[in-house]
Each structure stands twice: as structure tokens, then as C-alpha cells.
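The chains referred to below are lettered A, B, ... by the order of the sequence lines, with proteins before strands, and numbering in each begins at 1.
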Amino acid sequence: MTRRATTTALWVLATFAVAMFPQWLRMPVAVAALTLLPLGWRLLTELRGWPQPPAWMRHVLTALALAALFMSYGDLSGRRSAVSLLTLMLALKLIEGDRVRDGRLVVSFSLFLCATQFLFGQGALMPVYGGGTVVLALVALTRLHRAEAWEQPGGEPPRVRTSFLSELGFGLRLAAAAVPVGLAFFLFFPRLASPLWGIPETTLDSKSGLSNSMSPGSIQQLFMDDSPAFRATFDGPTPSGGNLYWRGPVFWRFDGETWKGSLFGMNFPASERPAPGASPWSYTVQLEPNERKWLFALDYPTTAPADTRLTLDYQLIRRDPILQLMRYDMVSNPDFVDSPTLPETIRAEALDLPPDLNPRTRERVAQWRREMPDDAALARRVLDWFNREPFFYSLEAPLLGRHGVDEFLFDTRTGFCEHYASSFAVMMRMAGIPARVVTGYMGGWYSALGDYFLVRQSDAHAWTEIWLAGRGWTRIDPTAAVSPLRIQQGALGALSEPRHLLDYPWLRGLRNGVDIVQQRWNDWVIEYGAQQQSRLFAPLGLERAGPAVLVGALLAALGLFGAFIVPLVFRIRGPGRDDPVQRDWQRFLRRLRRLGFSGTPSCGPLETGQAAATQLPALASPILTISQLYARCRYAPGVPPASELRQAVRGFRPSRKPV
Amino acid sequence: MSLTAAITDRLDLGPRFEDWLLERVRRLRGPTEFPLQLAYRHIYVMPTGFGAWFGFLLVLMGVAGLNFNNNMTLMLVFLLGAITLLSTLLAYRNLLGVRLEAVLVKPVFAGETARFRLLLRNPEARRRFAIQAVGAESVDATDLRPQDSGRLTVVQTCPYRGWTEMEPFRVENRFPLALFRAWSVIIPTARCLVYPEPAVNPPPLPDSGRGDHGVARKGEGEHFHGLREYRPGDPLRRIAWRASARHQKLYSREMEAPRDDACELNWYLMGSGDTEEKLSILTAWVLRAERRQIPYSLEMPGAALPADLGDEHRAACLKILALHKA
């Protein structure tokens, strides 16, 4: 293996390594390790001259990788598992062949891999990743092109004086020259107003955020996740912190451990939609894709966005899972009575409990019920109990057994919001008060700079609603009774211990502050679509720009760019550095020109030297020396060292006016 | 992977397209006259097989990006698309202005391959990358440094004696990404002289027919006779360098060969037989006589050369044999 071939292969490897990096981070450990194996082997082949692995070893590795993939993902129909499969196959391709065709295959599929990564996230850092992959791919392809040109002649490409930076520079220049044209396409290429096809739900294998059930530990898990769930920008009055309950999935059915949604709660439309009211909250939510169907809103949503229904328990459920950043406008009115009357079937569902479970709780509730017949008073009594008794709000919740509520309320007394919400709802139901559990997000970080609320997954929360005669469904947050700090400062403020390494308040503050970059990026770039496109020319008085207008604008822009870009492209330097001998000679000629000497380009160096010496007799000796040195360096390279010429040219610093 | 290979292979422009283009160029411009500076009208640009595959990938990614309105994917696709467009310009520019100076070729024997050497010159101050000459039988590549010249070899098998016209070939490049190929069709007027194939086991060299045996003749032969002053026209290898250096004056060695060593290669004395076979034998005799430094004369229908030795004589004899009209 020649050194040149090695460099080409290294560029190909680098392209692949960068392209797969985000996917690699996301892969299960076994698959990630199996991906590194062929990559490492190929690297050693190039650097240490290891032989290519034999065919049987490649087959074994492929079988092993497929098995690991199947075992980690369960099945291979999901989006992530499919992309992992692509990554693995590309990695294995690296040890299969080192011909030009193989290299091109890896590079072109690496670009494809890069595109698939944007399906999973379009963060503000992704352009760096995409741009890096593109530039590396350009260098690798340029290298492969040279390898191909000399593949048949049987020799190896002649050496171009290159360096890592000069080759990278060529890739950068090429990419940079393409940016304006690409931008014109991005702005004016007509977009689809609605997708032609959707992603089958079976391929969604990485749902994030709140799920369609709640069991102890499910929200606690979310608490570790600092990724943004959504951002909300208020237009007009902003609710106070205690009102920022973002309603998500609502649960009715309890089997002793897990809470689930009810059939009619999910499927029946809201019996009554609140009117906007006197002082509604009007806001826009930018929801990060989570592959689920819930939209989040403050109580009580008065409208439902397109393709979304408002259910009986005031959940907003979208027809399709949210795969792209989504924006919706909401108006919520807090002054609303949810279900002034409760139909019998619903009441029955809201009181249903598995029998024979949690006898100690049942006994305690029965006792309280005897003391206070009033529902609201009883609820207050329980909250008071939570507040007075030594209950703790903590991440370190022990595992609970069959009588989970009993164990929690009387033994462990340490839990997270889902423990409190669940236990409270169970107690209410035991007392004959209809109750349900609501999950969602609580609070949010207000960005003064961007005037929006940032709600992270770690703001996930669970609370309870009980039905009181005359007041309808009423929100009760038992966690607030245990830990008022949770409500005031968010879950992070309520906990003393850091969640993990690198979890410091200042770092969190920094992360919150930086989020504005992501928010703006989402606003300006990611959400750009058919709608924004049609309003592109609104400032010019054109209210709706159709595809014809856009294509016209695109062609006009391309024509305009063509006039500027084509000459620019024609000036792009190829890869490779200047010959230092040549560079010194040019510098010498420049200095001569400053003295008023301009030779004829067709003259050789010695003739030029002679002519210059005749015109500038005072400098004849250094001029002749340099021209002779140059001629020797140029035509008998290596005989006089190039440094000699450099020194001579450096020493040649005549003043502007020769004596 | 064989699927992608199949796709790219199928999309590569086949020989039919090349033939069609060649005919078109022949009709429009006729044979290429050297020197030729490649200009706008000489250069064609088309995607390569890899370029077509790359375009297919881009369309795939673009459709997915549009469907899901995934702006990052679209940005990637549009950037790569713009780069693809620009790469056509770069491929074109890499060829634009290159001067094709001449085609040189040395005579070969029938059955050998002629090596046509195309001389190129880069008159501009920028480097040209991987310029290729693609013939039916060979591909050669070279870089052209700024204001420098280079050469490319086009190999062509010459099965028959006589003049062999150089086949049309392409000067092309795929700089920088090999997505596009920019090329120029060259219909050269160059031709290669092809000598007859020397017979493998020729009969022994014929003697002189005239019978003036025994008289030594000065000037030729392989035996040293003496020194004399250099006269223009003396072959270089006869110059006695050492003696010349000693006397500061050029001296030539005088050689002698017995006259009876001279041989007469005569077409009419070969008897009847296959023309090509006779030409092969004569060719082999010329080579053998030259190797043994035996002066030889050649008599052919319509041409006769007196007995002599040396490269020029050999070339003249072989040329007569090569161009013999059957």
C-alpha cells in the first residue's frame, strides 16, 4: 500500500467517522462497539499495514453485528435501527475493499447518513456537523478522483505539494462558493404544503417525553433529561408561576401500579369548549418533535389546532405523531368549570380502584371520611397530612411492592411527584371523590432576552384533579403540599443533590441562556416552510407567492449569482500549496516591479535577470545571483537547497529609489 | 453493493454515444489541426456514472426532505446540488485553454503497439489536475504545472504494415469530484509508420551477387583501419572521442570491411512466394545485417538503395518495405 493511497483512504475514513458520529452516540453499546471494530481495523490497515481481514472473518462480523442490532432494537423496522443498520453496513464496507469505487460508495452513503441524522434532530449545532461532513466528503472525493485518474495507467498520481490544510482549504472554498446558490434554492425552491406520505408509526422507535401511562419512576426518568420539550411565547398577559401547569396525558384507570388513559377520556370530544373569556392567555408553542401525539396547553384550551382534537378530559391529541418541530397557537382560559355535572359512567370510572389493595390506606381514608363529610375539606385534610408528616420529595424513591400506596404513605414516605399524585388520587377515590391523574409540565424558564418560556423534559410533572360539586374538576397538586419549592423554583430547585456529574446551577443557567440560539434557529430556519415561503414577497406587496413566482425568483437569483459566482469559481485554486521556489521567485519579481522593472513574461529566468541587471545596474550582482539560483532550483531541483534562494530573496530589499 | 455497481455501470455513457459524438465532431469540425488550444466549442461536459448515482441519491434525499419539510436535509441537498453544479464549471475550466501542441510517434513493427505521444502545454498560471488521454486501448494521465508542458501517451496496436492512422481519442478530465467529465474529441491527423513484421527464422543473409570478392573498402565495416580528420556527415559513433580530446580536434575512425561481406537484398532474387512473407524476410535481413554491421543494398520494385549501413539507411530500407505496394 502506497503512502498516497493511505492518505486518500484516511480522508474517506474521516468522512465516514464524522458522518456517523451522532448516530454512533445514539447506538446501543454493543452495536456501537461493533461499528468501531471495522473502522479501527481499516485504520490499522492503512497506518500499520495490517492485512485486510479474510472473508470468513467479515462474514462472522456481519452476522455478529446483525445479531447485536436485532437484540438491542428488538426489530429492525424502526427508523433508528434502520439507520444503525446502514451505519454498520458502511463500516463493514470499509474492510471489504479499497478500490476507488468502494471509497466513493462510502463517501456518498456517508452524506446520505448525514441527511438521515437531521430526521432525529435539527439543533443549532447540526449545521456544523453537516458542513464538516460535506467538506470532508469533498476532499475525499477529490482524492479519489486523482486515484481513479491514475488507476489504469498503473502508476500513482504525481505528487502535488499538499498539506492537510491546503486540501481542506480546497474543500472549504468549493463549499463556500456553493453556499449562495444553495441558499437561493433553499429560499425559493417550492415546498410542499402537506406531506405526500407519512411515516408509519411502527417505525417510531424513540419516543421521548411523557408517555401514555404513568407508573412510579416514569416521570423521575424524564427528570434526568434536560432536552427542551417546548417553548412558549405569550402574547399579552403572562400567567404567574403557580398557574403554569401544561396539561398533557390524563389518566383514569389504575391497576395498583400503573395509571392509564380511559377509553372515553381519549376518544370523546370535549363536551364544552371554554370561551376565550375576559382575560385569556394567548400564546404560541414551539413543540420539539417527540414522536408522540400530545400537544401541551395551559388549562383550559379554548381551541384545537388543525388535525388535533380536544378530548373529554381536555387533552389535545394530534392525528399523527409529532416528527418535526411544530408550532401552534393557543388561547387558554383559566376561568372555566370543567364538567359541572358528572355523568354516572364517568363517575364510575373516576372512582374505580382494584379491590383488596392498600388496606392500610383504605382504613385511614375511611376514618377521615367519617370525620369530614365535605369533599373539599377532606382533600385539604389529606394535603395537610402530607405537609405535616415527614414526607420527602426526592429522587431516591425505593421500589414499592404490591400494596404500593400503603408502603409509600406509611413506610417509605419518599417519592417524586408521580408517587404523590398517584397516592392522592387513590385516597380520594377511596373516599368516594372522583379523581384522575394529569401529567404534563410544570413551570418553565423565562428567557428575558427572547421573551419566551423554555420548558424542558426535566420540568415534567404529575398532579391530580378531583371532581367537586359546583366546581367541577379541580386541580390539586399534592407535591406542592410536600415541597412548595418544587412549585416555586421547579423540580431542580427543590432537590439539594445534583442529578449527575456536570449538574451545577451555573451550568444550567448557561444552558438556559444559550437556548435562545436554538429558539431563533428554530424560528428562522427549521420552521421555514410552504407558508413562510408564500409570504416571502409580502413586503413587496405580493400577498401570496405561488410556485411559479418562486421558480421565477429562483431563476432570477441563479442568473444574478451566475454573473458573480462563475468568475469566482473560475478563480478557485485547486488543492496543493505553491511551490516555495516559485513563490520566492514571484516575490523577487514583485520587488523588481516596485523598482520599476517589468520583464516580459515569455523570458526565461536568466534572460529576465540579465534584463533587470541592465536596467538596474546598481543591483546587478544580487539580481544575477538570484536569477541564477532560481534557474538552478527550478531546473535541477534539489541541487542548491531551496532555502538558499529564499535567503537570497529575503535579503533582497532594495529601497524604493535605487541609488 | 452489486446493485449500485449495476446502476452506475448502466448509466455510464456507452460506446454508441461516443460513436455518435465522434461522427458529429467529424462532420462539424473535421480532423483536429495541431496546435489546438482547447476552447469553449471543443469541450463537452456530461455526468459520469458516479455523478448519475450521486444525483440519484440527492433526488432521494431531496424528496424525503421536501416531504417531511426537514429543512436541514434540504439545506444539505441544496448545498450538495450547488456544489455539483459548480463542479461542472471546474471540470470545464480545468481543460479550457490547454494547448495540444503535436502528436509524435516512432515507427513500430507490425503486431507491436504504437505509442503516440501527445504534447500538451499549459499556458496559464494555474495548475491543471489529472488531464487524461483516453484512447480505445489506453488511458494516460498527467498534471500540468503552471506554464509547463506535459505529454500523454495513447497506445494503439498496429497489426498491419504501412501507414496506420491514429484513432480518434479523447482528452478529458473529471476534476474535482469525478461527478462530471469534461472532454474534447480529438480526431488526429497523425499516422504511424508500421514496418513489416520481421520473420522469426529467416534464411541466412544472401551474398553479394557481383563477385568482386577480396577488395577491402575503406569507410565502412567493422574493422578499425585508421584515423582521419572529421568530415561533416560522419556518423557520431565513428568519432574517436579520446583522440579528439587529445588533439583538440575532431577525428573520425576509418573502418574497413571486406567487400565480400556486403550483401544484396533483392526482391527479384527472392523467387516467387507470398509477398508479405518475402517482405518479412527482407525486414529480418535488414535488421540482421545492421546488427552484424554488414553493408546491405536493397532493391525493390520501383526503388533501390545502394549498399550502406546506419540508422538512416535502415530506416529508409524499412520504410520502402513498409510501403511496398503488393
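- Across Leu325(A), Val134(A), Val100(A), Val107(A), the residue that shares the most heavy-atom pairs under 4.5 angstrom with chain B is Val134(A).
- Every ring pair (Phe, Tyr, Trp, His ring centres under 6.0 Å) that Phe175(B) has, sequence neighbours left out, goes to His145(A), Phe170(A), Phe129(B).
- The ring pair (Phe, Tyr, Trp, His ring centres under 6.0 Å) test applied to Tyr44(B) returns Trp183(B), not counting sequence neighbours.
- Contact residues of residues 89-100 of chain B toward chain A are Leu89(B), Leu90(B), Tyr92(B), Arg93(B), Leu96(B) (heavy-atom distance under 4.5 Å).
- When side chains are defined from C-beta on, Phe118(A) does not count as touching Asn71(B), because their heavy atoms never get closer than 4.5 Å.
- Interface summary for chain A: among Leu85(B), Val77(B), Asn69(B), the most heavy-atom pairs under 4.5 angstrom belong to Asn69(B).
- Pairs of residues two or more places apart, or lying in two chains, never qualify as side chain to side chain donor-acceptor pair (under 3.5 Å) while including a residue from residues 184-195 of chain B.
- At a threshold of 4.5 Å between non-hydrogen side-chain atoms, the residues Tyr528(A) and Met75(B) do not count as touching.
- Residue contact with chain B, scored on non-hydrogen atoms closer than 4.5 Å, involves the backbone and the side chain of Pro127(A) alike.
- With respect to chain A, the highest number of heavy-atom pairs below 4.5 Å among Asn173(B), Leu80(B), Val63(B), Ile131(B) belongs to Leu80(B).
- Residue contact with chain B, scored on non-hydrogen atoms closer than 4.5 Å, involves the backbone and the side chain of Leu138(A) alike.
- The number of heavy-atom neighbours closer than 6.0 Å to CD of Glu33(B), taken from other residues, nucleotides and ligands shown, is 12 or below.
- Interface remark: of the candidates Val179(A), Leu192(A), Thr116(A), Val181(A), Leu192(A) forms the most heavy-atom pairs closer than 4.5 Å to chain B.
- In terms of heavy-atom pairs under 4.5 angstrom with chain A, the leader among Thr84(B), Asn70(B), Leu76(B), Leu79(B) is Asn70(B).
- Proximity to chain B involves both the backbone and the side chain of Gln122(A), based on heavy atoms less than 4.5 angstrom apart.
- Between chain A and the options Gly81(B), Ala64(B), Ala130(B), heavy-atom pairs under 4.5 Å are most frequent for Ala130(B).
- Interface residue Glu527(A): only backbone heavy atoms are found under 4.5 Å from chain B.
- In terms of non-hydrogen atom pairs under 4.5 Å with chain A, the most contact-rich of Thr142(B), Leu179(B), Leu60(B) is Thr142(B).
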